[in-house]
Amino acid sequence: MPEIPKAYEPRAVEEKWYRFWLDSKCFAADPQSAKPAYSIVIPPPNVTGVLTLGHVLNNTIQDILARLARMKGFETLWLPGTDHAGIATQTVVEKSLRKQGVIKHRDELGRDKFLEKVWEWKEKHGGIIIEQLKRLGASCDWERERFTMDPEYSRCVQNVFIDLYHKGLIYRGKRMVNWDPSARTALSDEEVEMVEERGKLWHFKYPLADDAGRAVPGEFVMVATTRPETMLGDEAVAVHPSDPRYANLIGRRVLLPLRDKLIPIIADELVDPKFGTGCVKVTPAHDPADYEMGMRHQLPMTVVIAADGRMSAEAGEEFARLDRMEARKAVVEKLEALGLMTKAEDYTHRVGYSQRSNVPIEPYLSSQWFLKYPAVEKSTHAVAHGEIRFHPERWSKTYLHWMGNIKDWCISRQLWWGHRIPIWRRDDEEKCQIESPGEGWTQDSDVLDTWFSSWLWPFATMGWPQETSALKKFYPTTDLVTGPDIIFFWVARMIMAGYEYMGEKPFQNVYFTGIIRDKQGRKMSKSLGNSPDPLDLINQYGADALRFGVMRSAPLGQDVLYDEQQVELGRNFCNKLWNACRFRQMQAGEVEGEIDPAKLNADDKWILLKLHAAITELTEALDHYKFNEAAQILHRLLWGEFCDWYLEAAKAALADPAARDNTLAVIDFVLSNTLRLFHPFIPFITEELWQGMGFNAELPAGQGGQTIMYAHWPKPLDEDFRAHYGLNDAAAKFVDMRNELVTQGRNLRRVGGIQSGKKVKFIFAPRTALSAHDLEAVKILLHAESIEAQPDYQAPKGTPTAHCEMGDLYLPLEGVADVGAEKERLTKELAKVQAEIDKAQQKLNNPSFSQKAPPAVLAEHQQRLADWQAKHAQLAATLAGLA
RNA sequence: GGGCGAUUAGCGCAGCGGUAGCGCAGCAGCUUUACACGCUGUGGGUCGGGGGUUCGAAUCCCUCAUCGCCCACCA
């Protein structure tokens with residue numbers, strides 16, 4: 001027999017089996033298969049991204065689901081791929097080119113040259129995250145890997161655009177959009193993050209003008225603003241129509257300071273008379289609310305801030321070309337100098353930031369493409385009525401709220417990296433098609449929002465619009481695993497696209513993971529330096545350890561507080577499993593055949609029942625996506641039950657030639673089941689052990705050769721099996737009682753001051769008959785030299801004694817007995833028991849309890865009281881004996 | 001301003017109407033022939049506060065507080 005290492009060494013094992021799985025095509029999904037289908041599409045990571053702990057969480061869950069489905073006999077597709085991630089990728093590449101000194105701005109290269117550079121970048125960095133997912137053990141069907149800018153995929157995107165255009169759902173319009181002045185592109189509402197900021201609320205005086213347009217000395221209108229620089233583009237001052245204070249001002253004009261422009265005082269419902277002075281400056285081109293008012297009152301739209309965030313010529317000589325923040329300062333100074341600023345109070349408000357560039361967004365008037373969402377009603381209904389289920393369910397509220405207030409989607413981006421909008425123009429003509437209509441036509445220069453391609457992901461990856469076998473077999477997909485932060489960006493939109501183009505939902509279940517935080521509850525971020533590299537963790541602890549550690553601490557729907565200690569625990573756990581199997585392998589002896597029911601001892605029955613319970617609970621937990629519970633059940637089964645109790649007790653049976661073979665058969669049975677239960681969580685080590693222990697032989701060669709991946713998922717032991725093997729409550733209870741004896745006995749050693757290593761003799765006065773095996777097991781579990789059954793044993797005074805349900809256990813001390821210590825222990829114990837008695841009695845003495853509580857509860861309490869009283873009597877007697 | 005979630009042992013969580021549990025950390029003792037990535041034992045909580053319903057509440061209802069998310073055009 002080859003030497004088995006004492007500690008599990010993941011590195012080589014992981015490489016070996018991943019290659020084996022790939023070579024054996026274990027991950028391949030066959031659309032022609034007769035088996036029922038199970039499918040997941042991966043949330044495509046950014047093509048140039050690297051693996052984060054968030055990916056680890058998300059993809060481990062998907063891998064568990066996929067591996068579980070395969071073992072349960074489903075034809076399983078986990079479809080992988082990457083997203084071109086428009087802004088993110090373009091920004092990264094541009095930054096890198098700048099850093100290399102190649103360019104200062106992408107304009108220097110021009111569109112085609114720049115795109116070449118991005119593709120180069122993509123080729124170089126594009127595969128990294130995919131390789132990292134492989135290290136994690138992801139069982140994706142890599143042959144089907146897709147990229148949102150693959151030629152076929154791009155065609156899908158453009159065809160969908162063309163279709164929606166012809167349906168009249170896509171239109172172009174000049175609107176106020178969220179503008180990112182750093183990336184110089186429009187953004188959707190979802191890409192804007194509101195950040196609370198401490199700023200100022202400036203109060204300015206605008207001079208009132210007379211009919212001739214001259215300032216009336218001493219008469220002013222007071223306005224307040226957080227954005228002084230926009231006043232250069234003011235076109236009105238607004239008050240509420242029914243505000244008595246200003247009724248007489250409506251229709252008059254003010255002279256806009258710094259610009260010396262006459263602008264009207266208008267009345268608009270939008271103004272809140274209770275806020276500030278009740279007068280609002282109106283900048284129609286630079287504020288969404290003001291824009292609305294501007295439209296209603298037909299005000300000019302003077303643009304004073306340009307696309308790059310600098311002031312335009314319209315802002316006037318003095319301010320043109322100034323950055324908007326510099327202009328703010330300049331305007332304030334100027335107005336202050338003119339005596340028109342009355343105060344600047346501290347003010348906390350929320351400012352929209354670009355999620356990508358992390359700069360304040362600018363409301364900006366520009367021509368953009370918009371989509372009026374299709375299939376809204378169906379998509380709303382599907383989630384509201386459980387046709388698509390969200391886990392945890394509460395996210396459906398968020399979804400429904402958004403769907404109920406849905407606004408048109410700004411889908412055009414002023415970027416180069418992405419799907420170019422299939423619109424062609426010549427003079428006043430416009431055509432919507434993929435290819436150029438011919439000479440003299442130029443294509444719209446905008447590209448589409450990244451999400452306009454990802455919303456097609458569940459079917460565009462499977463060959464749509466062709467009716468492929470993959471679509472027939474695997475659409476709609478079964479589960480989607482993603483974060484709640486992209487519920488609007490992606491989940492909602494996929495649902496709508498699914499209904500619109502497939503006439504069917506894209507997935508049945510959506511599992512929303514939590515967000516990974518550090519142990520202080522902070523989000524992972526590069527700047528905080530609290531974001532560990534998963535690859536380092538895999539290298540140090542192994543992929544299985546990382547997976548198990550993360551799953552152990554990921555409760556459904558709650559954020560995950562990551563602590564490296566969890567990964568360490570995962571490693572320890574793998575090592576425990578390794579050594580449990582190592583123990584079996586060191587026993588030699590071939591894998592035996594059937595378990596002989598006649599030879600089963602109490603421990604065998606007990607562990608088989610524990611296995612049965614674990615399978616039942618695990619199946620239940622996984623059905624409800626409770627992965628942390630599942631991990632805990634596995635932990636308990638292997639560590640707390642199999643290793644701590646069963647294997648130790650089994651050492652007794654293994655020493656008995658008559659029982660040995662049968663015990664080995666039980667061990668093998670339990671281990672074989674355990675490895676399979678563990679496999680979705682920790683695939684590498686389980687495959688290594690499965691193969692190493694020869695369990696493969698149990699299975700016929702099937703799909704992808706012999707592997708634990710296609711071993712069948714354990715089912716709870718059925719009733720016949722349990723009856724045949726005598727597995728019943730009494731059997732379990734018996735061992736529980738016997739183990740109580742062991743625990744108590746271990747305690748006696750301690751009070752007797754016996755060193756853990758020292759072998760001692762116990763005497764046992766049984767109330768329940770124990771077999772020779774049971775006595776032997778107790779002896780081993782107690783590390784005793786011997787345990788002697790003496791029904792009528794009279795213990796000498798001061799003998800540490802444990803009164804158990806099964807009988808009384810004595811540890812006769814040779815020589816010195818620490819009577820004091822034993823007395824102290826018993827007194828403490830007695831007090832505890834007394835407290836329980838008091839509690840029970842108090843309850844039972846309450847007349848309304850005994851009258852109104854159900855008889856079963858009453859009886860239970862009475863029984864409890866009786867038990868405690870009996871225990872009390874025993875302890876008291878022992879204590880009295882010591883004196 | 002609306003909505004959602006959390007609040008149980010030092011930390012992370014389970015329990016969701018009938019004796020407060022698990023893991024880790026802590027403490028004490030152990031090279032017991034699978035594992036020190038280990039073994040054994042053990043201390044620790046008036047279940048965020050206050051009210052209510054009930055024979056009985058961590059669990060149901062109301063209310064307050066703290067923390068965290070999401071949504072909303074108060075300049």
Side-chain angles (χ1 to χ4, degrees), chain A residues 4 6-8 194 201-202 223-227 230 238 270-272 274-283 287-293 347 349-350 363 392 394-395 397-398 401-402 405 484-485 487-488 515 517 519 521 541 545 552-553 555 557-563 565-566 568-587 626 628-629 631-632 635-636 639-640 643-644 647-648 651 743 746-747 749-751 753-759 780-783 836 839-840 843 846-854 856-858 860-861 864-865 868:
Chain A
I4 306 162
K6 272 174 100 164
Y8 172 56
M194 300 306 278
L201 183 64
W202 285 276
V223 297
T225 183
T226 52
R227 302 206 50 197
T230 62
L270 208 59
V271 180
D272 176 3
K274 290 191 290 290
F275 186 86
T277 59
C279 292
V280 188
K281 63 187 267 313
V282 181
T283 320
D287 181 276
D290 293 4
Y291 175 73
E292 268 180 50
M293 286 195 267
Y347 190 68
H349 60 148
R350 296 174 72 85
R394 66 188 149 85
W395 289 112
K397 277 189 192 161
T398 308
H401 182 258
W402 188 77
N405 297 283
D485 48 331
I487 190 164
F488 310 137
I515 295 167
R517 299 172 178 280
K519 54 179 168 180
Y541 298 103
R552 245 176 73 89
S553 47
Q558 264 163 260
D559 289 352
V560 181
L561 298 193
Y562 168 81
D563 186 348
Q565 198 179 269
Q566 291 292 339
E568 207 175 311
L569 287 167
R571 178 204 53 185
N572 295 355
F573 186 72
C574 289
N575 196 53
K576 192 71 177 177
L577 180 61
W578 179 260
N579 274 290
C581 292
R582 182 165 172 259
F583 173 76
R584 166 61 184 94
Q585 286 166 292
M586 287 168 85
Q587 294 303 315
K626 293 181 172 175
N628 69 319
E629 261 177 47
Q632 271 164 38
H635 187 275
R636 186 195 66 204
W639 205 309
C643 290
D644 285 354
L647 274 190
E648 292 304 316
K651 286 173 183 171
T743 304
R746 285 167 176 166
N747 251 314
R749 304 180 64 109
R750 205 168 66 94
V751 300
I754 309 293
Q755 293 237 316
S756 303
K758 196 181 170 200
K759 300 263 180 189
I780 288 190
L781 286 161
L782 278 173
H783 288 289
E836 295 295 341
K839 216 154 85 179
K843 232 174 169 179
N846 184 346
S848 36
F849 174 75
S850 41
Q851 279 159 31
K852 296 193 183 173
V857 173
L858 198 62
E860 195 190 317
H861 279 76
R864 194 184 301 156
L865 178 62
W868 284 120

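A note on names: the letters A, B, ... follow the listed sequences, proteins ahead of strands, and every chain is numbered from 1. These numbers come from the heavy atoms of this one structure, side chains and all, not from hydrogens, waters or symmetry mates.
Between B:U32 and B:C13, the two C1' atoms lie 33 Å apart (nearest whole Å). B:G26 and B:A20 have their P atoms separated by 29 Å, given to the nearest Å. As rounded to the nearest Å, B:G15 and B:C22 have C1' atoms that lie 10 Å from one another. Going from the P atom of B:U46 to that of B:G21 covers 15 Å, rounded to whole Å. When the C1' atom is compared between B:G18 and B:A57, the two are found 10 Å apart, to the nearest whole Å. Between B:G17 and B:C47, the two C1' atoms lie 15 Å apart (nearest whole Å). For the P atoms, the distance linking B:U53 with B:C61 amounts to 15 Å, nearest Å. For the C1' atom pair drawn from B:A28 and B:A14, the interatomic distance equals 28 Å after rounding to whole Å.
Listed pair A:Arg394 / B:C4 fails the phosphate criterion, with no side-chain N or O lying under 4.0 Å from OP1 or OP2. Regarding contacts with the backbone of B:A34, a side-chain N or O of A:Lys651 is found under 4.0 angstrom from either OP1 or OP2. OP1 or OP2 of B:C39 has at least one side-chain nitrogen or oxygen of A:Trp639 nearer than 4.0 Å. Within the 4.0 Å cut-off from OP1 or OP2 of B:C37, not a single side-chain nitrogen or oxygen of A:Asn579 is found. For B:U19, one of the phosphate oxygens OP1 or OP2 lies less than 4.0 angstrom from a side-chain nitrogen or oxygen of A:Arg864. Between A:Tyr347 and B:A75 there is a side-chain polar atom (N or O) within less than 4.0 angstrom of OP1 or OP2. The shortest distance between the side-chain N/O atoms of A:Asn846 and the OP1/OP2 oxygens of B:G56 is not below 4.0 Å.
Residue A:Phe573 contributes atom CZ, which lies 15 Å from atom C1' of B:A34 at whole-angstrom precision. Rounded to an integer number of Å, the gap from CH2 of A:Trp402 to C1' of B:A72 is 16 Å. The separation between A:Lys839 atom NZ and B:G18 atom P is 14 Å, rounded to whole Å. A straight line from OH of A:Tyr8 to C1' of B:A34 spans 17 Å, rounded to a whole angstrom. Remark: P of B:G23 and CG of A:Leu569 are 12 Å apart, rounded to the nearest angstrom. Rounded to whole angstrom, the span from the CZ atom of A:Phe849 across to the P atom of B:A57 amounts to 11 Å. Atom CD of A:Glu568 is separated from atom C1' of B:C35 by 16 Å (rounded to the nearest Å). Residue A:Ile780 contributes atom CD1, which lies 15 Å from atom P of B:U32 at whole-angstrom precision.
Listed nucleotides: B:C37, B:C24, B:A34. Nearest to the side chain of A:Glu648: B:A34. Comparing B:A75, B:G41, B:C35 by their closest approach to the side chain of A:Val271 singles out B:A75. Checking B:A75, B:C4, B:C71 against every side-chain atom of A:Phe275, the shortest atom distance belongs to B:A75. For A:His349, whose side chain is taken as the heavy atoms from C-beta onward, the closest listed nucleotide among B:A75, B:C71, B:A72 is B:A75. The side chain of A:Ala580 lies closest to B:A34 when the candidates are B:A34, B:G23, B:C55. The side chain of A:Asn572 lies closest to B:C37, out of B:C55, B:C37, B:A34. Listed nucleotides: B:G18, B:C35, B:U42. Nearest to the side chain of A:Asn747: B:U42. Minimum atom distance to the side chain of A:Thr743 is reached by B:G41, of the listed B:C37, B:A34, B:G41. Closest approach to the A:Arg746 side chain among B:G38, B:G41, B:C55 is made by B:G41 (side chain taken as heavy atoms from C-beta onward).
Remark: the backbone N or O of A:Leu781 is paired with a side-chain donor or acceptor of A:Arg746 at under 3.5 angstrom. The closest donor-acceptor contact from the side chain of A:Asn579 to the backbone of A:Asn575 lies under 3.5 Å.
Within the nucleic acid shown, A:Asp644 comes within 4.0 Å of sugar-phosphate atoms alone, with no base atom in reach, counting heavy atoms only. Among the heavy atoms of the strands, none lies under 4.0 Å from A:Gln851. Nucleic acid contact class of A:Pro484 (heavy atoms, under 4.0 Å, all strands): none. Within the nucleic acid shown, A:Glu836 comes within 4.0 Å of at least one base atom, counting heavy atoms only. At a threshold of 4.0 angstrom between heavy atoms, the contacts of A:Cys574 with the nucleic acid are absent. If you check every strand for non-hydrogen atoms under 4.0 Å, A:Arg227 touches nothing. A:Leu270 comes within contact range of at least one nucleobase, with a heavy-atom separation under 4.0 Å.
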Notebook entry, point to check: Stepwise, does the side chain to side chain contact (heavy atoms under 4.5 Å, CB included) test hold for A:Thr230 with A:Lys281?
Noted result: CA-CA 9 Å; A:Thr230 62; A:Lys281 63 187 267 313; 2.7 Å; yes

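Applying the salt bridge (Lys or Arg N to Asp or Glu O under 4.0 Å) criterion to A:Arg864, with sequence neighbours excluded, gives A:Glu860. Contacts of A:Lys6 classified as salt bridge (Lys or Arg N to Asp or Glu O under 4.0 Å), with partners at least two apart in sequence or in another chain: none.
Each of A:Ala7 and A:Glu629 was matched to the nucleotide of RNA chain B holding its nearest heavy atom; the match closer to the 5' end belongs to A:Glu629.
By the 4.5 Å heavy-atom criterion applied to side chains, A:Asp290 and A:Met293 are counted as neighbours. Within the 4.5 Å cutoff, no side-chain heavy atoms of A:Leu201 are placed close to those of A:His349. In this structure, the side chains of A:Leu647 and A:Phe583 come closer than 4.5 Å at one or more pairs of heavy atoms. In this structure, the side chains of A:Gln566 and A:Leu569 come closer than 4.5 Å at one or more pairs of heavy atoms.
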Checklist line | Secondary structure string for RNA chain B (Watson-Crick or G-U under 3.5 angstrom, | for other-strand pairs) | finding: ((((((((.[[[[.)..(..]]]].(((((.......))))).....[[[[[..)....]]]]])))))))....

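Relative ring orientation between A:Trp578 and A:Tyr8 is described as tilted, the plane-to-plane angle lying within the 30° to 60° band.
On a pure distance criterion of 3.5 Å, a polar donor-acceptor pair joins the side chain of A:Lys576 and the base of B:C35.
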